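The structure presented is a predicted model; accordingly, all values stated were derived computationally and were not measured.
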Amino acid sequence: MSKLKHSPVLCIGAAHWDVRSQSREPVRRGTSNPVSVSRYPGGVAHNVAVNLCRLGSSTGLVSRWGQDVAGDALQSLLTDTGLNVISLPRSELCPTATYTAVLEPSGELAFGLADMEIYDDFNADVLGPLKDDLTSFPIWFVDTNLPEETLEVLGIGKRGMGLLLRMRFQLRNLLS
């Protein structure tokens, strides 16, 4: 049986650290809570890219990380999984994004903490120098939680869950 051939897919958007803090007792406000903590890569674009890669697709990932140890570790880990990581310039102003879920002992979310400011800086200025890399992929998955300006440059326009696109349009502002 022959192996299926897949067109290369580029996933553009969030790839960050997810931190899960599972409380051992019911969460109490205003005091320390004993927890068990685990950390693993997450984010919409990351999750799609890793699963496409596991299915045998040639997959690229474009995301934005800070100039910090967390960004170094994430980029190294994702490269080791077989993803074609296309690096944006690392942010000097914002740390690598994290999402922290604080869970009740039952696993129910008590509250979440989203340190995602770096994605506000995921814009045309940082994407522009990568236009040749971006356009080399015939299929894109775009995390539509990116800033609206970025979505417009990528030819999408609205925020939402995510969108799989086949490149059949000019990249307005990006190529001009």
### Test item: Asn33 and Arg28 side chains (from C-beta on) under 4.5 Å apart, heavy atoms
yes
### Query
Should His16 and Pro41 count as side-chain neighbours, where that means a heavy-atom distance under 4.5 Å?
no
### Query
Is there a donor-acceptor pair under 3.5 Å between the side chain of Ser23 and the backbone N or O of Pro26?
no
### Query
Taking all atoms of both residues into account, what is the closest heavy-atom pair of Gly71 and Arg90, and its distance?
C-NH2, 3.0 Å
### Query
Which atom pair, heavy atoms only, marks the closest approach of Cys94 to Ser91?
N-OG, 2.9 Å
### Query
Atom NE2 of His46 and atom OG of Ser63: how far apart are they, to the nearest 0.5 Å?
10.0 Å
### Query
Are Leu61 and Val142 joined in one hydrophobic group, where the rule is that I, L, V, M, F, W and Y side chains link up if heavy atoms are under 4.5 Å apart?
no
Scan the side chains in residues 99-118 for donor-acceptor partners under 3.5 Å anywhere in the protein, sequence neighbours excluded, and list what turns up.
residue : atom : partner : partner atom : Å
Glu104  : OE1  : Val27   : N            : 3.0
Ser106  : OG   : Glu108  : N            : 3.4

### Task
State plainly whether one hydrophobic cluster holds both Val9 and Leu78, where clusters connect Ile, Leu, Val, Met, Phe, Trp and Tyr through side-chain heavy atoms under 4.5 angstrom apart.
no
### Query
Would you find a donor on one side and an acceptor on the other, under 3.5 Å apart, between the side chain of Arg64 and the backbone of Tyr119?
no
### Message
Applying a strict under-4.5 Å side-chain criterion to I, L, V, M, F, W and Y, I'd like to know whether Leu83 and Ile139 cluster together.
### Response
no
### Message
Could you measure the distance from the CZ atom of Phe141 to the CG atom of Leu52? Nearest 0.5 Å is fine.
### Response
8.5 Å
#### Entry: Any donor-acceptor pair under 3.5 Å from Ser57 side chain to Thr59 backbone
no
### Task
Would you confirm whether Asn47, through its side chain, and Ala45, through its main-chain N or O, come within 3.5 Å as a donor-acceptor pair?
no
### Task
With rounding to the nearest 0.5 Å, note down the distance linking CD1 in Ile12 to CZ in Phe137.
9.0 Å
### Message
Could you report the tightest heavy-atom contact between Val48 and Cys11, atom names first, then the distance?
### Response
CG1-SG, 3.8 Å
### Task
From the options Asp133, Leu88, Asn84, select the one residue that forms a side chain to side chain contact (heavy atoms under 4.5 Å, CB included) with Val62.
Leu88
#### Entry: Residues Asp68 and Thr96: side-chain donor-acceptor under 3.5 angstrom
yes
### Message
Between Arg20 and Gln22, is there a side-chain donor-acceptor contact under 3.5 Å, judged purely by atom types and distance?
### Response
yes
### Query
Which atoms form the tightest heavy-atom contact between Gly60 and Ala49, and what is the distance?
O-CB, 4.4 Å
#### Entry: N/O donor-acceptor pair under 3.5 Å between Thr150 side chain and Leu146 backbone
no
### Query
Can you tell me how far CH2 of Trp17 sits from CZ of Arg39, rounded to the nearest 0.5 angstrom?
4.0 Å
### Query
Is there a path from Val50 to Val44 through hydrophobic residues (I, L, V, M, F, W, Y) whose side chains come within less than 4.5 Å of each other?
no
### Query
With no hydrogens and no angle check, is any side-chain donor or acceptor of Trp140 less than 3.5 Å from a backbone partner on Leu134?
yes
### Query
What's the spacing between Glu149 CD and Asp125 CG if we round to 0.5 Å?
7.0 Å
### Query
If you round to the nearest 0.5 Å, how far is CG of Asp72 from CG of Leu77?
12.5 Å
